[in-house]
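Here's the structure, in structure tokens; my notes come after.
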Amino acid sequence: MPIERVTYLLKKKFDKSASEAELKELADLLNNLTDKDINDSVQPLWDDYKSTISLPTETSDIILSKILSSHNEIIPTIPPKSSIKLWYRYAAAAAILFVFASTAYLFLNDEAPKTQKAITYKGDVAPGKDGAKLTLSDGRIILIDSIKDGLVAIDQKVKIYKEAGKIVYKGNTDENIFNIITTERGRQWSAILPDGTMAWLNASSSLRYPLQFSSTERIVEMTGEAAFNVVHDDTKPFRVKVGNSIIEDIGTEFNIKAYNDESTIKTSMIEGSARIITPNNSHLLIAGQASFINNQNHESTIGKADIDEATAWRKGLFSFKDANIQTVMKDIARWYNVEVKYEGIVSDMPDFTGKMGRNLTLAQTFKILSVMRVHFRIEEDKRVVIMP
């Protein structure tokens, strides 16, 4: 009951229809909720509004300032220590609303000044965007994001097109040749492979695949993070080679996170099933499960998949659940193409749970994280310094 009541009162608060008594009740409830309860309370609000317009970048600083300053309206007269605790919880709830795809503006855009410019930061960094390099079988490299839609190249009789942000292959070849799509830091891309399988690449990733799959199997190789929606064929299994491991599709859709600086290869099964094959063992993964392969000893375990987290990047979101600052910074560094340095001891920083839009500038992203006591500075050489 308290969580549902908080959701109801938060909605009234941001709709500006809450009475003084309801604001006082909201303050009392927030003061006694855990961080998880706050997240659970805000989730239904995001579900209600996620299909609407996202936050315009030029007003985000104004909106966030309004959200974080509005806690003064509901803090009752209570001892200072309790006030600090309440502010933290209310600010966390407000920030979660903001970061869920940056749609908090829906509650407040009627008040945002249309002519006021967003605050800028020296050395601020724009978010990543679509873009990749396509390496053809003869070594030619094409910068995909710099060319218009249409025919990109012909590689051994196979025509390669750029269509609405995707690479599409049409035609067949008798040659055993390969293409490679590579995304740098700060870039993402998608492709429709020769068999019709859909592949998405997150930042700092690569995918190597043949222009004509064999008659017995379809095998691709990847690094970084990629998602696949496979055209299933019982006669020709689709296999993804990641280091020394193989993920063999039995169903339809899965996400693989296998960056070199991560301790595990994580495969999240979104729909269908897949077989995970390592040098040590093999096991079946079904929808809703995740496989974790240790990069050192190749041991694998199965747990529950966080589908929201696995699919968030394709929806334009960062998503974290009980993630420490180093984990958060890895994803941010890849997307903004920045170097991250730490000053002082950051191990005491709280873990992060929540979502935020990947369309914000770096400074705007850190303003959100500052709610959780993250102090930072952005230097002009695209270096971010994190301080406790």
Side-chain angles (χ1 to χ4, degrees), residues 30-31 33-36 38-39 60-61 64-65 67-69 71 75 79-99 102 118-128 185-186 202-204 225 257 259-264 266 295-296 309 312-313 317-358 360-388:
L30 285 172
N31 202 37
L33 290 182
T34 65
D35 291 346
K36 181 181 183 302
I38 291 176
N39 188 74
S60 59
D61 280 313
L64 182 59
S65 176
I67 294 174
L68 296 183
S69 63
H71 72 275
I75 292 181
K81 184 176 181 180
S82 298
S83 297
I84 293 172
K85 177 183 177 183
L86 174 58
W87 178 87
Y88 169 83
R89 299 202 178 285
Y90 185 76
I96 290 169
L97 277 175
F98 178 81
V99 300
S102 305
I119 302 169
T120 59
Y121 289 79
K122 186 176 183 180
D124 197 6
V125 178
R185 288 158 63 99
N202 203 348
S204 192
E225 183 169 16
K257 190 171 186 178
Y259 288 107
N260 291 332
D261 59 354
E262 303 283 357
S263 60
T264 61
K266 180 179 178 181
N295 274 327
Q296 298 298 318
E309 181 182 36
W313 65 272
L317 298 170
F318 292 108
S319 179
F320 303 108
K321 185 173 182 180
D322 299 325
N324 60 32
I325 186 66
Q326 290 90 346
T327 298
V328 172
M329 287 304 109
K330 284 179 182 178
D331 280 357
I332 287 176
R334 293 183 194 117
W335 184 235
Y336 291 94
N337 188 20
V338 294
E339 179 185 358
V340 177
K341 298 287 187 181
Y342 298 92
E343 285 186 359
I345 300 173
V346 297
S347 57
D348 291 337
M349 288 185 178
D351 288 344
F352 297 83
T353 295
K355 303 173 185 176
M356 57 184 170
R358 299 199 337 163
L360 305 176
T361 71
L362 186 62
Q364 291 164 346
T365 295
F366 275 107
K367 287 186 70 177
I368 294 169
L369 294 178
S370 67
V371 175
M372 301 294 287
R373 305 198 309 274
V374 176
H375 301 95
F376 70 97
R377 68 175 183 269
I378 302 173
E379 300 180 344
E380 291 191 61
D381 57 354
K382 299 189 74 172
R383 180 187 293 121
V384 177
V385 181
I386 306 297
M387 301 161 284

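Rounded to the nearest 0.5 angstrom, I325 CD1 and L369 CG are separated by 6.0 Å. Atom NZ of K341 and atom CD1 of I386 lie 12.5 Å apart (nearest 0.5 Å). The NZ atom of K355 sits 10.5 Å away from the NZ atom of K321 when rounded to the nearest 0.5 Å. Distance check: N324 CG to F352 CZ gives 9.0 Å after rounding to the nearest 0.5 Å. Atoms CZ and CG, on F366 and L360 in that order, are 12.0 Å from each other to the nearest 0.5 Å. Rounded to the nearest 0.5 angstrom, F376 CZ and K367 NZ are separated by 8.5 Å.
Counting heavy atoms from C-beta on, the side chains of F318 and V328 never come closer than 4.5 Å. Looking at I332 and V340, their side chains never come closer than 4.5 Å, going by heavy atoms from C-beta outward. Under the 4.5 Å side-chain criterion, counting only non-hydrogen atoms from C-beta, E262 is not in contact with E225. At least one side-chain heavy atom of Y336 sits under 4.5 Å from a side-chain heavy atom of T365.
Considering only residues two or more places apart in sequence or on other chains, D261 meets the side chain to side chain donor-acceptor pair (under 3.5 Å) condition with R334. Here N295 pairs with I265 under the side chain to side chain contact (heavy atoms under 4.5 Å, CB included) rule; sequence neighbours left out. Qualifying side chain to side chain donor-acceptor pair (under 3.5 Å) partners for R383, counting only residues two or more places apart in sequence or in other chains: E379, D381.
Around atom NZ of K382, more than 12 heavy atoms belonging to other residues, nucleotides or ligands sit under 6.0 Å away.
Using a 4.0 Å cut-off between charged nitrogen and carboxylate oxygen, K257 and E309 do not count as a salt-bridge pair.
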_Is there a salt bridge (Lys or Arg N to Asp or Glu O under 4.0 Å) between R358 and D331? Walk through the geometry before answering._
CA-CA 10 Å; R358 299 199 337 163; D331 280 357; over 6 Å; no
